[in-house]
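Order of appearance sets the numbers: ligands from 1, and atoms from 1 within every ligand.
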Amino acid sequence: MSGSLFIVAAPSGAGKSTLVNALLAEDRGLSVSVSHTTRAPRAGEQDGRHYHFVSRERFLEMQGDGAFLEFAEVHGNLYGTSKAAVAAPMAAGRDVIFEIDCQGAAQLRAVFAGAVSIFILPPSLAELERRLRARGTETDEVVRRRLAAARQEMRNAVQFDYVIINSDFSEALKRMQAVVIASRQRLAQVASTEGALFAELGIRLP
Ligand code: 5GP
């Protein structure tokens, strides 16, 4: 394996997608893994770019064929990371970011021991609730359900390597970038991308 792998999870309302999109826009060496899902596309979402949108039958067929590295049921829909979604960017020498839920994060960690995991937290419960309500499209009941699910989800933060509190957006982005940059300097990463230099300098891995 040559590229770095980044697993990013967060409760809904923590600002995960906005942070990941900003990270991708500023870091050309990073690609996002495009997942498969059985949920319907939202306005503005494109098939093959945001997700590969498939029927439940097709998803289960792929699962039976062993096409997924991990999969999980989230809010009644199936989501999965296909082997192909990782293979293509990795073959191109790019680092890959996985924006997935905690069940998927645990499965991916088992597959890729060197993956770096990042959990994003809101600065407070009140702010999380405010952000969930600010979307404006959800009823009180839905907001309460999401909040309860978020509280449950946040307990998983203890299983992650890094935790970023998204209070100020640009500060949180800087911290995400710092994690990405530092992870690329791990010995195993540098050794795999700079094999020729290591040989020239006479450096051998233990
Ligand atoms: P949404 O439907 O809002 O795009 O995503 C719902 C949840 O599913 C989010 O927490 C998202 O990160 C997660 N998710 C998206 N893709 C995958 C995937 O491939 N595997 C898993 N396990 N979760 C995913």
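Neither the backbone nor the side chain of E45 has a heavy atom within less than 4.0 Å of ligand 1. Under 4.0 Å from ligand 1, not a single heavy atom of H75 appears.
Judged by the shortest distance from any of its heavy atoms, Q103 lies outside the 4.0 Å radius around the atoms of ligand 1. In this structure, K16 counts as a contact residue of ligand 1, since one of its heavy atoms falls inside 4.0 Å of the ligand. Using a non-hydrogen distance threshold of 4.0 Å, H50 does not register as a contact of ligand 1.
For an aromatic pair to be called close, the ring centres must be under 6.0 Å apart, and F68 with H36 satisfies this.
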**OP:** Mind running side-chain contact (heavy atoms from CB on, under 4.5 Å) on L30 and R94 for me, showing each step along the way?
**Re:** CA-CA 6 Å; L30 266 182; R94 299 164 73 83; 5.9 Å; no

Original post:
Between Q46 and F53, does a side-chain contact (heavy atoms from CB on, under 4.5 Å) hold up when you go through it step by step?
Top reply: CA-CA 9 Å; Q46 292 164 17; F53 295 100; over 6 Å; no

Original post:
Can R56 and E61 be said to form a salt bridge (Lys or Arg N to Asp or Glu O under 4.0 Å), step by step?
Top reply: CA-CA 9 Å; R56 203 168 178 99; E61 187 181 83; over 6 Å; no

**OP:** Please step through salt bridge (Lys or Arg N to Asp or Glu O under 4.0 Å) for the pair R184 and D27, ending with a clear verdict.
**Re:** CA-CA 13 Å; R184 287 178 176 149; D27 191 328; 3.0 Å; yes

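Against a heavy-atom cut-off of under 4.0 Å, T81 is close to the following atoms of ligand 1: 19 (O). Each of the atoms 22 (N) of ligand 1 lies under 4.0 Å from some heavy atom of A72. The distance from ligand 1 to the heavy atoms of R39 drops below 4.0 Å at these ligand atoms: 1 (P), 2 (O), 4 (O). Atom numbering of ligand 1 starts at 1 in the shown order; those under 4.0 Å from a heavy atom of S35 are 16 (N), 17 (C), 18 (C), 19 (O). Distances below 4.0 Å separate heavy atoms of G104 from the following atoms of ligand 1: 22 (N).
S117 and Q159 share no donor-acceptor pair across their side chains, judged by distance under 3.5 Å alone.
The CD atom of E194 sits 11.5 Å away from the CD atom of Q189 when rounded to the nearest 0.5 Å. The distance from the CZ atom of R144 to the OG1 atom of T139 is 8.5 Å, given to the nearest 0.5 Å.
Contact annotation: the side chain of S4 approaches that of R186 to within less than 4.5 Å [non-hydrogen atoms, C-beta and beyond]. Counting heavy atoms from C-beta on, the side chains of Q107 and L69 never come closer than 4.5 Å.
Inclusion of D101 in the set of residues having an N or O under 3.5 Å from an N or O of ligand 1 is warranted. Annotation: G80 places an N or O atom under 3.5 Å from an N or O atom of ligand 1; distance criterion only. Taking only nitrogen or oxygen atoms, main chain and side chain alike, Y51 reaches within less than 3.5 Å of ligand 1. Geometrically, ligand 1 and E99 share a nitrogen or oxygen pair separated by less than 3.5 Å.
The aromatic rings of F98 and F112 lie parallel to each other, their planes meeting at an angle below 30°, with 60° marking the opposite boundary.
For atom 7 (C) of ligand 1, the nearest protein heavy atom (residue, atom name, distance) is V74 CG1, 3.8 Å. Closest to atom 20 (N) of ligand 1, if we only count protein heavy atoms, is E70 OE2, 2.7 Å. The nearest protein atom to atom 3 (O) of ligand 1, hydrogens excluded, is given as R42 NH2, 2.9 Å; this is a heavy-atom distance. The protein heavy atom nearest to atom 6 (C) of ligand 1 is Y79 OH, 3.6 Å.
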